[in-house]
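These notes concern the structure reproduced below.
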Amino acid sequence: MQMEERRGNIKAENEMTINMKEEQSTLDWRGRPSNPNKHGGFQAASFVLGLQAFEIMAIAAVGNNLITYVINEMHFSLSNSANIVTNFVGTIFLLPLLGGYLSDSFLGSFWTMLIFGFVELSGLILLSVQAHVPQLKPPKCNMATDGEKCEEAKGVKSLIFFVALYLVALGSGCVKPNMIAHGADQFNIQTKKLSTYFNAAYFAFSVGELIALTLLIWIQTHAGMYVGFGLSAAAMAMGLITLVSGTLYYRNKPPQGSIFTPIAQVLVAAILKRKQTCPSNPNSNCSMLQTQRFRFLDKACIKNDGNNRRKESPWRLCSVSQVEKVKILIAVIPVFGCTIVFNTILAQLQTFSVQQGSAMDTQLTNSLHIPPASLQSIPYIMLIFILPLYHKFFVPFATNITGHESGISPLQRIGSGLFLATFSMISAAVMEKKRRESALHSGKTISIFWITPQFLIFGLSEMLTAVGLIEFFYKQSLNRMQSFFTAITYCSYSFGFYLSSVLVSLVNKITSASSNAGGWLSYNDLNKNRLDLFYWLLAVLSFLNFVNYLFWARWHSHHSSLPPQPAALSKDGGYENIP
């Protein structure tokens, strides 16, 4: 009992030390040390949440209805259009690595958001201009009835489209990780408010998505895509105004130079000293290491006996915190990898599921129709109500059982979401079989509401997985790498969407070769395709991915346990043992 009480006191002292160190290392807008009474907290974070809501509102209205625009206005085929959309979204979620690197190394999160926010805004304006000017698009043509006769966008028209599209991708990709990181930077990493902020960030995300998928997409459908793109540009402009409005309240973590150099130094030093062994001398750097995983990296901390009077090169001798940083970076890769298939499923909800909705009865009343792209608003309507309830009731209830400040750990939250994702694809497969058979055998078009369950299940799955992943990565990061670690979570989206493109092409190739009737996804007409079988394939992959995740989550929990010695921050922001 006394030992547990002593450990509890040590933990509390360590958290207080870390929080004090964080406050001392943050700056206000003038570059002076921040004042905890004036800077940071939810007041400052609310401005970042405003930017997040407006930015996702802008990008979601473009991305979620983009396949309709690409088919009907640019006249690309269904499979090519699906790949254009998934490649676009995949690029958005790959570029956060660039945004995180620039932020942590050179610009800081505020300036990175401001600069690339204007890049995204310029792309949205160019998209709106092209959608409005007939000379910048192919001649009008009905792809549903005259698809083979329609002229596909080529030359200058295609160039303008892709330049605009990837300006949006560049801007949005570099802004995204910094919104999360800059908002989280307003709190001390050891406070319960940080977990509350991550839930609030997803709530802001849900509100932005909901407005985009209902109001903005309805306007796109009825007033024209150029009006919808223009409103997306206006939303992004409002987000940038909101960001700048909070300048006086932010506490900013200054950049520390290239974040890759210390990592490279550890790898080089470990390789150069690969034949040496860590000494048992308690005064050696090796004895101060916090974790026992990836022991081969510990050799980067070995001091050469012959160089006691002369300082070794940083490419031959590294600090404990440097080695720990590299260990953490390597250790999170398996967890990251297990979320790729999850985001491949998300890609289907933004491409093929929208086309499913187009092939169903979208009529609510005699004069009111549901735009198929607005189907994706269903989970966000649910989440706007569920998230406050989750934080108000589930978290305290689970905390009483588990003792974890967030109710359940980030790894448990991710696993729960990955498990539910399988049932989303099962629901989609069952519904698509019903829709296809009804259309082919009885000539009936079933109601669009049959597609609702797959969106509801995945919405709950995404709430658990996305928030858990961001919280997990942010809390793993050390020494000014929060933006970059947050960016890694977005790469999961990118790889998932790229994997979707590969799967679509691969499935088409294999099924076309084995059948004279064509591939599962070869036709523009869904009734000729076998989308239901493709969904069953994704359900199987999703379940296998969940089993794989259980192994790696258990491995990470086991190998990330620290020795009983208390720890405190070193001068460079890493952790060192207290003797």
Side-chain angles (χ1 to χ4, degrees), residues 57-89 91-92 118-172 211-238 350-351 354-355 357-359 362 367-376 523-526:
M57 192 187 304
I59 197 67
V62 173
N64 288 309
N65 205 26
L66 183 61
I67 191 168
T68 303
Y69 177 75
V70 173
I71 292 174
N72 295 338
E73 302 288 339
M74 296 288 111
H75 302 160
F76 290 102
S77 68
L78 174 60
S79 59
N80 285 341
S81 297
N83 284 342
I84 287 172
V85 173
T86 51
N87 289 340
F88 166 68
V89 177
T91 301
I92 287 178
F118 277 104
V119 172
E120 181 177 356
L121 178 59
S122 66
L124 291 169
I125 293 172
L126 185 55
L127 273 178
S128 180
V129 170
Q130 184 181 37
H132 181 60
V133 179
Q135 292 82 356
L136 299 179
K137 298 183 294 181
K140 287 188 176 181
C141 181
N142 191 327
M143 284 289 287
T145 58
D146 305 314
E148 295 181 359
K149 300 178 181 178
C150 294
E151 179 186 334
E152 185 177 296
K154 295 179 180 179
V156 175
K157 298 172 184 178
S158 177
L159 178 64
I160 293 174
F161 171 68
F162 283 108
V163 167
L165 200 62
Y166 282 92
L167 278 175
V168 174
L170 174 63
S172 181
I211 295 173
L213 295 171
T214 51
L215 179 62
L216 294 189
I217 285 183
W218 186 88
I219 292 173
Q220 287 177 357
T221 304
H222 293 84
M225 292 297 293
Y226 75 94
V227 178
F229 289 152
L231 288 176
S232 289
M236 189 64 211
M238 287 297 298
Q350 294 188 5
T351 52
V354 174
Q355 292 306 110
S358 300
T362 63
S367 58
L368 184 60
H369 292 257
I370 300 176
S374 291
L375 288 168
Q376 297 167 82
Y523 302 99
N524 290 333
D525 184 357
L526 281 182

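Both backbone and side-chain heavy atoms feed into the values below; hydrogens, waters and symmetry mates do not. Not measured: the values here are computed from a predicted model. Residues: numbered from 1 along the sequence shown.
Listed by chain and residue number, nothing satisfies the salt bridge (charged side-chain N to carboxylate O under 4.0 Å, His left out) test with K157 (two or more places apart in sequence, or in another chain).
With values rounded to the nearest 0.5 angstrom, N80 atom CG is found 10.0 Å from N87 atom CG. Taking OG of S158 as the reference point, atom CZ of F76 lies at 4.5 Å (rounded to 0.5 Å). A distance of 7.0 Å separates NZ of K140 from CD of E73, quoted to the nearest 0.5 Å. Annotation: the span from E152 atom CD to H75 atom NE2 amounts to 10.0 Å, rounded to 0.5 Å. The line from CG of L167 to CG of L121 is 11.0 Å long, rounded to the nearest 0.5 Å. Distance check, rounded to the nearest 0.5 Å: OG of S232 to CG of L124 gives 6.0 Å.
E151 and P138 get closest at one heavy-atom pair: O-CB, 3.3 Å. Between G123 and V168, the closest heavy-atom pair is C-CG2, 3.4 Å. Smallest separation of non-hydrogen atoms from G171 and V119: N-CG1, 4.0 Å. What you find for L165 and F88 is that their closest heavy atoms are O-CE1, 3.1 Å. The two residues A61 and A212 have their closest heavy-atom pair at N-CB, 3.6 Å.
When the shell of 6.0 Å around CZ of F118 is examined, it contains 12 or fewer heavy atoms from other residues, nucleotides or ligands.
Residues F161 and L127 are in side-chain contact: their nearest non-hydrogen atoms beyond the backbone lie under 4.5 Å apart.
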Take I59 and E120, measure what side-chain contact (heavy atoms from CB on, under 4.5 Å) needs, and give me the verdict at the end.
-> CA-CA 9 Å; I59 197 67; E120 181 177 356; 4.1 Å; yes
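One N or O on the side chain of K137 and one on the backbone of A131 form a donor-acceptor pair closer than 3.5 Å. Side-chain atoms of Q130 come within 3.5 Å of backbone N or O of L136 as a donor-acceptor pair. Using modelled atom types, one side-chain atom of H222 and one backbone atom of W218 make a donor-acceptor pair closer than 3.5 Å.
Between Y69 and F229, the ring-plane angle classifies as perpendicular under the 30° and 60° cut-offs.
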